[in-house]
Visitor: 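Right, I'll just put the structure down here and ask away after.
Here is the naming used below: chain letters follow the sequence lines, and residue numbers restart at 1 for every chain.
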Protein chains: 2
Amino acid sequence: MDTNNMQWTLAARAEKMNPSVIREILKVTEKPGIISFAGGLPSPKTFPISDFADACAKVLREDGQAALQYAASEGYAPLREMVAASLPWQVDPAQVLITTGSQQGLDLLAKILIDKGSPILVETPTYLGALQAFTPMEPQVISVASDDDGIDVNDLAMKARGGRFLYVLPNFQNPTGRTMSEARRAALSAKAAELGLPIIEDNPYGDLWFDAPPPLPLSARNPDGCLYLGSFSKVLAPGLRLGFLVAPKALYPKLLQAKQAADLHSPGFNQRMIAEVMKDGFLDRHVPTIRALYKSQRDAMLAALKREMPEGVSWNTPDGGMFLWARLPAGMSAVELLPKAVEKNVAFVPGSAFYADNADARTLRLSFVTASVDQINTGVAALAAAIRESQPTQARATTSVGANSVEAK
Amino acid sequence: MDTNNMQWTLAARAEKMNPSVIREILKVTEKPGIISFAGGLPSPKTFPISDFADACAKVLREDGQAALQYAASEGYAPLREMVAASLPWQVDPAQVLITTGSQQGLDLLAKILIDKGSPILVETPTYLGALQAFTPMEPQVISVASDDDGIDVNDLAMKARGGRFLYVLPNFQNPTGRTMSEARRAALSAKAAELGLPIIEDNPYGDLWFDAPPPLPLSARNPDGCLYLGSFSKVLAPGLRLGFLVAPKALYPKLLQAKQAADLHSPGFNQRMIAEVMKDGFLDRHVPTIRALYKSQRDAMLAALKREMPEGVSWNTPDGGMFLWARLPAGMSAVELLPKAVEKNVAFVPGSAFYADNADARTLRLSFVTASVDQINTGVAALAAAIRESQPTQARATTSVGANSVEAK
């Protein structure tokens, strides 16, 4: 029998799929003792392990057969009710679909909303995992300019024609840590309604604010025009792989069919664990401890950056979340810096990973939540040393050197 | 602000997606006290609840932070090693991808192997969930004739030209309960190799044999020509949503990228629970108890069918698994019978749900694993009564009435 002529033929979309740049970087940086600002990993200190242990035992003791059986694709009803009740606008639990992480929400909506060649609009830069989820459906990705207040509404208006949706992450964005201002949200909501442009609002980090909650979600302003994605990964634990989406009622049936086809349903056992842990207001007590921890780590990183970084390096001050966005002096490339930083036992993600096109090669994403304060101090000093050693001579002398000509090499 | 002109546009593939016929039927049949032969639900009596409780406690105590953190898309390494070691051919753990139920394996392979319009070949009838997973990628589904020994290799050869793959479920098939014979497997393997036709081998039920194990998997005969799907749902519990696929090394990277995009990874906590329960040969002790239970329930159903069914009703004798395939007398339709059966408090799935085309309206799928032996006796008697009351007068007089003319009405 000739078994070597099997004609496996890949779909055209598979050719467009690529390994996660971040996951490849994380592999490179997995050397012992490295201080990583690269991963988007919540601090494991925040995982309520003993509460989960109690919840597991109770769920298996009191509801074990149902928790371990096949279940409804929509999700566990009490959890859907908790989600609906937690949101700051009127949501019917029937609009809530429990997903296998909010990443799955992106996969499902891509399936039902993107045809090959469909224009879809994204912030610049944007969450890499969203681009990965959309890519298999072969959209035409259109990058919309953004600034520190969020997406540029005028640029959006010029590019929106025929767009299937705009994908935005308004709170403590991944990768930039930026929050869309109230004025920008109001302007975006009005413009999207005027254009008839649906919005996909991804909000995994919204609960992780430091001093004040972020402005009201876009979905609260126009529920029928928005599809909202949320996650339990950042407030409880990512290893249970549970998130949710809230959909306009007209879209829900198709998302549900896509969910059935994708994995039948998300694990009922995990849904019950989370519902058990969350009841009686657990998050009201637990999430403030995460906020306090992450704020102290952000402050440590800001202080270390101020203390250590050479002139010409800039960064922002996120009001919540997990990430800070920095920019190297003119003439430098974060991709070229990375191996030199790894040599000094510190890792980050080059910002260029997060652009659909026209990447700013000088940017980098720094997570301040996984490393301890001591590690942040050591790591930022090492990163600063790597930057100093990598600076081109001209750039060291003056930061006004033409960035584009150097980056183009 | 006008919020009512939002232009949600569905992708063309979404129009082709449909609610699961079975899930719709299950909703209809969810009336209190009904005896259901409809669902494909394992008996919850077989779930090793106390073993899971011990495993949860141990995993959270000894490895809680890692179990609750983000993890590798490939899956938990010890579990991948256990899977590879359990299979009856040489499998490298690097070929094993842990999936969110084996349903997700179908979704992932559809994404990387099916272009719009790609011919794909399936048994007749076939697993409905596979058709649902393939449909969003818009294949041209080609039904290949099957008999009690499995797929008709001559019919396959006539239809295979240009096919991306053949999807088969060789052991205790869903819906028919049929097992592909050794001779048919040998012939199919040889023909597929000759044609260069890849095979997707789905094997969720293979461990549930009653008297003797089924013949060697197709994948063992031609590992480079087969993609193999397995599941923990039928030997441990479906509510943890874990399965796996074993892929030729050339295909693995694209499946992994599809997995990353779909849900990043399957829950690490659940993977550790299952690895913890399975170590030390647990399945060698546990699975025989499932086999014995399901065999006794199959026997009860066979005895009840023989005792209760009117002349003209036929059924098969599955050698394992969860389902039995029955056929009504000429002139009858299982879809029309269903509401009458539900009136008598018994439910089943009409076989027509499992055909891509040219459905045999007389067929029905009966699960013998969810209901107890007492319920099987009561339910089969009620089903027989519904059949007798529904038989057309001519058919009651003679079973040789033209089936097609009656079914066409």
Visitor: Out of A66(A), P248(A), A12(A), A262(A), return the one with the most heavy atom pairs under 4.5 angstrom to chain B.
Guide: A262(A)

Visitor: Considering only heavy atoms and a distance below 4.5 Å, find which of L108(B), T99(B), L251(B) pairs most often with chain A.
Guide: L251(B)

Visitor: Any heavy-atom pair between the side chains of C56(A) and F52(B) that's under 4.5 Å?
Guide: no

Visitor: Do side-chain atoms of Q69(A) reach the backbone of P42(B) as a donor and acceptor pair under 3.5 angstrom?
Guide: yes

Visitor: Please classify the contact between F47(B) and chain A as side chain, backbone, both or neither, with a heavy-atom cut-off of under 4.5 Å.
Guide: side chain

Visitor: T9(B) versus chain A, heavy atoms under 4.5 Å apart: side chain, backbone, both or neither?
Guide: both

Visitor: I'd like to verify something: which residue of D263(A), L240(A), T135(A) has the highest number of heavy-atom pairs under 4.5 Å with chain B?
Guide: D263(A)

Visitor: Could you tell me which portion of L68(B) (side chain, backbone, both or neither) has an atom closer than 4.5 angstrom to a non-hydrogen atom of chain A?
Guide: both

Visitor: Show the numbers, then the answer: is there a side-chain contact (heavy atoms from CB on, under 4.5 Å) between M273(B) and F269(A)?
Guide: CA-CA 12 Å; M273(B) 273 174 74; F269(A) 177 65; 3.6 Å; yes

Visitor: Please classify the contact of E15(B) with chain A as side chain, backbone, both or neither, using a heavy-atom distance under 4.5 Å.
Guide: backbone

Visitor: Salt-bridge test for K111(B) and D107(A): reply yes if a basic N is under 4.0 Å from a carboxylate O, no otherwise.
Guide: yes

Visitor: Which atoms form the tightest heavy-atom contact between I112(B) and A14(A), and what is the distance?
Guide: O-CB, 3.8 Å

Visitor: If you apply the rule side-chain contact (heavy atoms from CB on, under 4.5 Å), what do you find for T100(B) with Q104(A), and how did you get there?
Guide: CA-CA 11 Å; T100(B) 308; Q104(A) 186 184 48; over 6 Å; no

Visitor: Measure the spacing between OH of Y70(A) and CD of Q103(B) and express it to the nearest 0.5 Å.
Guide: 9.0 Å

Visitor: What part of P253(B) gets within 4.5 angstrom of chain A, counting heavy atoms only: side chain, backbone, both, or neither?
Guide: neither

Visitor: Counting C-beta onward and ignoring hydrogens, is there a side-chain heavy-atom pair between M137(A) and R13(B) closer than 4.5 Å?
Guide: yes

Visitor: So for A57(B), is it side chain, backbone, both, or neither that comes closer than 4.5 Å to the heavy atoms of chain A?
Guide: neither

Visitor: Is any side-chain heavy atom of W8(A) less than 4.5 Å from a side-chain heavy atom of R164(B)?
Guide: no

Visitor: For the interface with chain A, which of V59(B), I114(B), I199(B) has the highest count of heavy-atom pairs at distances below 4.5 Å?
Guide: I114(B)

Visitor: Is it the side chain or the backbone of L195(B) that comes within 4.5 Å of chain A heavy atoms, both, or neither?
Guide: backbone

Visitor: Do the non-hydrogen side-chain atoms of Q132(B) and Q257(A) ever get within less than 4.5 Å of each other?
Guide: no

Visitor: Under a 4.5 Å heavy-atom cut-off, does chain A meet the side chain of L227(B), its backbone, both or neither?
Guide: both

Visitor: If we define contacts as heavy-atom pairs under 4.5 Å, which of R272(B), K116(B), R241(B) has the most with chain A?
Guide: R241(B)

Visitor: Please determine, among A110(B), P198(B), A237(B), the option with the most heavy-atom pairs under 4.5 Å with chain A.
Guide: P198(B)

Visitor: Which bit of S50(B) comes within less than 4.5 Å of chain A, counting heavy atoms only: side chain, backbone, both or neither?
Guide: neither

Visitor: Highest number of heavy-atom pairs under 4.5 Å with chain B: which of A261(A), P44(A), P238(A)?
Guide: P238(A)

